[in-house]
J.: 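Supplied in structure tokens, the structure appears directly below.
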Amino acid sequence: MPDAEGVGASGRRLRVCALYPDLLNIYADRGNLLLLERRCSWRGIGFELASSGLGEPLDADAHELFYLGGGQDRDQLLCAQDLIETKRSGLHAAATRGAVVLGVCGGYQLLGRSYTLGRERIEGVGLLDVETVREDAHRLIGNIAIEVSLDHTGGAELLVGFENHGGRTRLSPGQDALGRVLKGHGNDGRSGMEGARSGNTIGTYLHGPLLPKNTWFADWLIARALGLQPHELAPLDDTLERAAHANAGRAAGVQVG
Ligand code: GLN
């Protein structure tokens, strides 16, 4: 049991803040939060989940991980202005001190510099140097697999999921992508790149939800948020989780393992 401070038996605690959990939550993106909670509690890591909705402030120092899920355009519009007005400086402060910031799909778009729909240009948080334009062309939909190398060790790992977006995201020249598309569309259906990463800030189009299909990545995020290496986390029996990962990979047309 976590103590009064929320610190678990491991002596550690992960504090997560979900931004607009009622508005940015399509494809059960909330499942990503449940997954983080489970993997922490199985390891005796205290877990605290807070939320910050429309008009609510954001305490940059009170959380190690900030999360924005995906949303329909209209919900995204509702959040965008509030994000700029009440949360942008807090998110920048959190990212600067090394907190993890994870945005999925609509959340990813809002972490960028802008999202343009027709004549309307919505300003983003600007943590990722990307711009998204909603084209009239077909939506980019389907199962997706990408290859990522998060620790620049040369070793590549696989992220699998599902994408459905009308926006096309373009990376500025100095901006790293999260990964390389093996199957699916990725950022814009053309570049072969998916998502974006700057330090501990990550944006991706992968729903699924992302983390239950890629528990190795969930552990990487937990470790980063706690200032650890992934191998320092207690191992778990991931038989079912690995099967889910392989299954999602097969759905995308990629053989896993
Ligand atoms: N509204 C955005 C788009 O369609 C994001 C959708 C989503 O989060 N799935 O591009």
Side-chain angles (χ1 to χ4, degrees), residues 18-35 51-54 66-84 87 91 101-146 159-171 175 177-179 181 183-197 201-214 217 248 251-252:
L19 276 65
Y20 315 105
D22 47 342
L23 293 168
L24 299 182
N25 178 33
I26 53 174
Y27 297 115
D29 280 341
R30 197 179 159 76
N32 290 325
L33 299 170
L34 296 175
L35 187 286
S51 65
S52 182
L54 291 176
F66 294 83
Y67 174 71
L68 293 98
Q72 312 281 359
D73 284 342
R74 65 173 180 280
D75 294 329
Q76 230 173 291
L77 280 167
L78 274 176
C79 299
Q81 195 175 355
D82 183 75
L83 199 55
I84 298 304
K87 300 177 182 59
L91 271 180
V101 182
L102 173 66
V104 173
C105 202
Y108 166 33
Q109 295 170 344
L110 290 175
L111 289 179
R113 282 197 281 125
S114 63
Y115 181 36
T116 304
L117 299 107
R119 292 192 181 165
E120 196 168 6
R121 184 178 184 276
I122 303 164
E123 207 186 333
V125 174
L127 276 177
L128 295 170
D129 199 359
V130 307
E131 289 189 324
T132 302
V133 176
R134 179 82 145 85
E135 290 183 5
D136 259 345
H138 63 282
R139 296 184 69 80
L140 304 178
I141 304 177
N143 293 302
I144 174 169
I146 69 170
L159 283 177
V160 291
F162 176 79
E163 60 181 327
N164 182 355
H165 49 109
R168 269 70 170 169
T169 298
R170 200 176 46 79
L171 274 54
Q175 173 66 58
L178 173 60
V181 176
K183 297 281 180 182
H185 304 287
N187 280 333
D188 60 0
R190 292 184 282 265
S191 63
M193 294 296 157
E194 203 291 313
R197 176 186 175 199
T201 299
I202 290 180
T204 177
Y205 275 113
L206 272 64
H207 295 281
L210 169 69
L211 300 183
K213 287 183 177 173
N214 301 282
F217 183 56

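If you read the sequence from its start, that first residue is 1, and numbering goes on from there. In each ligand, atom 1 is the first atom listed, and ligand 1 is the first ligand listed.
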J.: Which of the numbered atoms in ligand 1 are under 4.0 angstrom from any heavy atom belonging to Gln76?
T.: 1 (N), 2 (C), 5 (C)
J.: Sequence neighbours excluded, which residues qualify as side chain to side chain contact (heavy atoms under 4.5 Å, CB included) partners of Arg190?
T.: Glu135, Arg168, Asp188
J.: Which word best sums up how the rings of Tyr27 and Phe162 line up, parallel for under 30°, tilted for 30 to 60°, or perpendicular for over 60°?
T.: perpendicular
J.: Given Thr169 and Gln109, is the side-chain hydrogen bond (donor to acceptor under 3.5 Å, both in side chains) satisfied, shown in steps?
T.: CA-CA 8 Å; Thr169 298; Gln109 295 170 344; 4.8 Å; no
J.: In the protein, which heavy atom is nearest to atom 6 (C) of ligand 1, and how far is it?
T.: Gly71 O, 3.3 Å
J.: Output, in order, the C-alpha distance, side-chain angles, deciding distance and verdict of side-chain hydrogen bond (donor to acceptor under 3.5 Å, both in side chains) for Tyr20 and Asp82.
T.: CA-CA 10 Å; Tyr20 315 105; Asp82 183 75; 2.6 Å; yes
J.: Any atoms of ligand 1 less than 4.0 Å from a non-hydrogen atom of Gly70? List them with their elements.
T.: 8 (O)
J.: For atom 7 (C) of ligand 1, find the nearest protein heavy atom and state the residue, atom name and distance (0.1 Å precision).
T.: Cys105 SG, 2.8 Å
J.: One residue to check: Ile26. Relative to ligand 1, which of side chain, backbone, both or neither has a non-hydrogen atom less than 4.0 Å away?
T.: side chain
J.: If you count the atoms of ligand 1 from 1 in the order shown, which ones are under 4.0 Å from a heavy atom of Gly106?
T.: 5 (C), 7 (C), 8 (O)
J.: Indicate, as side chain, backbone, both or neither, the part of Tyr115 found under 4.0 angstrom from ligand 1 when only non-hydrogen atoms are considered.
T.: side chain
J.: Identify the protein heavy atom lying closest to atom 3 (C) of ligand 1, giving its residue, its atom name and the separation to 0.1 Å.
T.: Gly166 N, 3.4 Å
J.: Flag Asp73 as yes when one of its N or O atoms lies below 3.5 Å from any N or O atom of ligand 1, and as no otherwise.
T.: yes
J.: Please could you name the atoms of ligand 1 that Asn164 approaches to less than 4.0 Å, counting only its heavy atoms?
T.: 6 (C), 7 (C), 9 (N)
J.: What pairs with Lys213 under side chain to side chain contact (heavy atoms under 4.5 Å, CB included), at least two apart in sequence or on another chain?
T.: Val160, Ala248
J.: Atoms of ligand 1 less than 4.0 Å from His207 heavy atoms?
T.: 7 (C), 8 (O), 9 (N)
J.: Is there at least one pair of N or O atoms, one from Gly167 and one from ligand 1, spaced under 3.5 Å apart?
T.: yes
J.: Below 4.0 angstrom, N of the basic side chain to O of the carboxylate: do Glu131 and Arg121 qualify?
T.: yes
